[in-house]
Amino acid sequence: MEEENGVELLQRYRRDRRVLLNFLLSGSLIKKVVMPPGAVSLDDVDLDQVSIDHVLSCAKKGGMLELSEAIRDYHDSAAFPATNNTGSTDEFFLVTDPDFSGSPPRRAPPSLPVYTPSPIMSSLSKSQSLHSTQNQELSVDDIDDFEDDDDNEEVDSIRVSRRLTNEANDLALSLPSFATGITDDDLRETAYEILLASAGAAGGLVVPQKEKKKDKKSRLMKKLARSKSDHVVSQSQRAPGLSGLLETMRVQLEISEAMDMRSRQGLLNALVGKVGKRMDTLLVPLELLSCISRTEFSDKKAYLRWQKRQLNMLEEGLINHPAVGFGESGRKANEFRILLLKIEESESLPSSSGELQRTECLRSLREIAVPLAERPVRGDLTGEVCHWADGYHLNVKLYEKLLFSVFDILDEGKLTEEVEEIHELLTSTWKILGISETMHYTCYAWVLFRQFVITGERGLLHHAIEQLKKIPLKEQRGQQERLQLKNLSSKVAVEEGFEDFTFLQSFLIPIQRWAAKRLGDYHLHFAEGSATMKEIVTVAMVTRRLLLEEPQFATQLAIVTDEDQIESYISSSIKNAFAGIAQDVDATADSTHEHPLASLAEETKKLLKKDSTLFLPILSQWDPRATAISASLIHKLYGNKLKPFLDGVEHLTEDAVSVFPAADSLEQYVMALITSTCEEEIVDEYWGWDPISPQQRHGSSIVEVYRIVEETVDQFFALKVPMRPGELNSLFRGIDNAFQVYTNHITDKLVSKEDLIPPVPILTRYKKEIGIKAFVKKELFDPRLPDVRRSGQINVLTTPKLCVQLNTLHYAISQLSKLEDNIREQWARKRPRENFKNNKSMDEKSKVTLHKDPFSGSRKDINAAIDRICEFTGTKVIFWDLRESFIDNLYKPNVSQSRLEILIEPLDLVLNQLCDIIVEPLRDHIVTGLLQASMVCSLSFIPYFQP
């Protein structure tokens, strides 16, 4: 992985070096450029072998530049190590062997000349720009002035660039390397030739006339002379139509004009005599090998490199990665490789015999290659499509290079102005490359996301997310495309050996892992803010959804839901952040007077505040439990640090006591955060009012409350610190308050009894119809009638739930005595001198009296709550649940058919339901409340309906 990234950076440096040299040689900085022997123009010169230092030196002197001298200087300097002007002057290297060079010179070296900055920059107004659009000649002396401009900004940009490059090192396609060793430059140049063939099929391929360099400045040089804020190529400057767009693509793909002209002419010559043949059905590398001769290259080395690329593409496209496999045990593949080797060997033979061997090998190669390439695939007819570049994974690597042309070559974080036209042009290559809609969206999303990682531009991230969302799911793809994608797989070397990756896995797994790595430590990677975190979470979850449909990856992800994935991000990042905080606190423990655990509690609270403010609102969109997960995990991590301290402390020193307020402050914040964000979830899950079992008819929440209380009591008495009755009373008060809060939470959900009882109706004894109408009218407008929200609260409190609440409160009060006895027994074991039977026992030092009934407040509140719920239940059953029977339908048929006997049956059903759920000690209480409500209804409403 690191080796591939190093090669990619080297190739990128090489291209940038070419651009710089081309600019220096094509501009007005050098008066005259003398070509080396055999070269007519700069296109015939290998710029990789030209010394930039020599060119700059000639530019400063204003003299003539001999490229042969620059090439010689490049080769001479290759024997020395690379140097710069930032190192120490005391460091040097020896060209000769010190053992044979004698003693060093004894005289002092000459002093360095004093550098005087040029007055050009000092006289430049602040409002002026170095990239001003005004026509002005750039002098040679200005080169020195560029070096000291905005040093701080350059250093910062370098740091950012290095950081982003390191980020990109973690992002690489899960695809194997090519056996022939083809490079990114090879893929880029071949991709452009495919683009030309596709354009030629549409009739848009012409060979432009070559103009003299001194009369025409290349479009690339115009771009380099302008400001980055300008548009890449304006519509008015570019030639109209397909020819202008191809010129833009040539510049974007960094193809030289000479190579462009050779490729265009070669493809046009290949169609001569082939009536009815489309250019996109040609075997492009073979045709170019046949139509382009060695004489069209001034440099033999460049020709051999070009020929090697064409031969490698044939081998990769037809032998190593064919769209259709071989059915003859590889016999043709062996013959094919032998012919390729013979073509290469022909260059080392004498010209006559070498040319003869090359011609014969090309003829034999055509006889084998064309039938292989024209075999039908994916439903096409024989010869309809030439399958030389649509084999996986060669096709996606070529298409990737074409997609990289959408970025501005001067500002790689921006899309070029012609991006939509480029997209439309690239679709014409789908036939040659075998690209489908799913493959296009996937490759384009990968290219955009990778460019975002390199440049850090959020706009590219937004575009990448749009493309990821456009990738169709399996059921949205056509049958032919599903079959095609199913057959796209490659074997990639991993640490454990080799692993098979499908097409989607090769492109999406690197994205998903990159995003997961950042989200797994989001406190570090998004420390400066959460601006891009939301988009990164979206990328991780969208790619996860797509990978779930892949057979090999689905088994790993199916067990983990989206919520579980978000939880893993939170858990990993919180643990890393907490470990960093703990390490910082330990490092500064000696320099502060505060106990390390107190400092850790304060820093942990800050961490949780930052988490809940910046990050958790984003993560909560994917998992509503995010806040509770984060807060509870932080509580647990700090508790793990606090527990050894509590187990080991034996004396309450001032230093030790300072830990408790800080720890309590953290715990209070944790609980407040969980309660405020997860209240509805707690009500639905924690406060569920279903009986545990037919035998245990109380709710599960009270069991959990008692478990927490008992754990608290055990932890309290496990402390080794000295205790006094005052601490025990504080424990009693805390538990008593907890049960009161629990009880109040239950009764707070009850509505007022007045909301259940309807208003007294108008007397109807004189005229029945008017009375009913008036009653209905008054009922509709009476302010005492409950609104929709209140009606919803009443309907939620069903009779079974109310009965379980009563059972729960009864269980709570019945277990208080056992809890009190348990606490007193543990206290007696810890302090045997205390006598609980004597209410007047007192600690000699604290003079604090132990309470006789420590849970009196809880008992009082629970009994009052039971009375209120019993009364509420009876009122609700009569005036709400049985309202139609008791009030609305009374006397409606006629007086003779309206008797109290008709109320017996529904009332009997309610009584049976109550007695089945309610516990025995509360049965009489609940039945009494029901009968009292019945009497109130009978005495209050029935007289008003007398005829």
To the nearest 0.5 Å, atom OG1 of Thr873 lies from atom CD of Gln805 at 8.0 Å
_Between the side chains of Arg707 and Glu704, is the shortest nitrogen-to-carboxylate-oxygen separation below 4.0 Å, so that they form an ion pair?_
yes
Count the heavy atoms belonging to other residues, nucleotides or ligands that lie under 6.0 Å from CD of Glu711, then report whether that count exceeds 12. yes
Q.
For the residue pair Arg859 / Ser817, report whether a side-chain donor-acceptor contact shorter than 3.5 Å exists.
A. yes
SG (Cys870) and CD1 (Ile918) are apart, to the nearest 0.5 Å, by 6.5 Å
| field | Ser572 and Tyr522: side chain donor to acceptor below 3.5 Å | value | no
(message) Does the plane of the ring in Tyr706 sit parallel, tilted or perpendicular to the ring in Phe739? Use 30° and 60° as the thresholds.
(response) tilted
So the salt bridge (Lys or Arg N to Asp or Glu O under 4.0 Å) pairs with at least one residue in residues 609-619 (sequence neighbours excluded) are none
Q | 4.5 Å side-chain heavy-atom contact, Pro854 and Asn729 | A | no
Practice task
Can you label the angle between the Tyr811 ring and the His698 ring as parallel, tilted or perpendicular, going by 30° and 60°?
Solution key: parallel
Rounded to the nearest 0.5 Å, the OG1 atom of Thr743 sits from the CG atom of Asp861 at a distance of 6.0 Å
Under 4.5 Å between any side-chain heavy atoms of Asn822 and Gln826, yes or no?
yes
Value for CG (Asp623) from CD1 (Ile629), rounded to nearest 0.5 Å, stands at 4.5 Å
Is a donor from one side chain sitting under 3.5 angstrom from an acceptor on the other, for Asp736 and Ser858? yes
Side-chain donor-acceptor pairs of residues 595-603 under 3.5 Å, sequence neighbours excluded:
{"from": "His595", "atom 1": "ND1", "to": "Leu597", "atom 2": "N", "distance (Å)": "3.1"}
{"from": "Ser599", "atom 1": "OG", "to": "Glu594", "atom 2": "OE1", "distance (Å)": "3.1"}
{"from": "Ser599", "atom 1": "OG", "to": "His595", "atom 2": "O", "distance (Å)": "3.4"}

**Message:** Between Glu563 and Arg625 (salt bridge meaning N to carboxylate O under 4.0 Å), is one present in this structure?
**Reply:** no
Check: With side chains defined as the heavy atoms from C-beta onward, is the minimum distance between Leu524 and Asp521 less than 4.5 Å?
Finding: yes
Across all chains, not counting sequence neighbours, the salt bridge (Lys or Arg N to Asp or Glu O under 4.0 Å) partners of Asp867 are none
Between His523 and the options Ile574, Ile581, Asn576, the side chain to side chain contact (heavy atoms under 4.5 Å, CB included) test singles out Ile574
- prompt: Can you find a heavy atom in the side chain of Thr538 that is under 4.5 Å from one in the side chain of Trp622?
  reply: yes
The reported gap from CD1 in Ile566 to OG in Ser571 (rounded to nearest 0.5 angstrom) is 12.5 Å
Separation between CZ (Phe578) and NZ (Lys641), nearest 0.5 Å, reads 6.0 Å
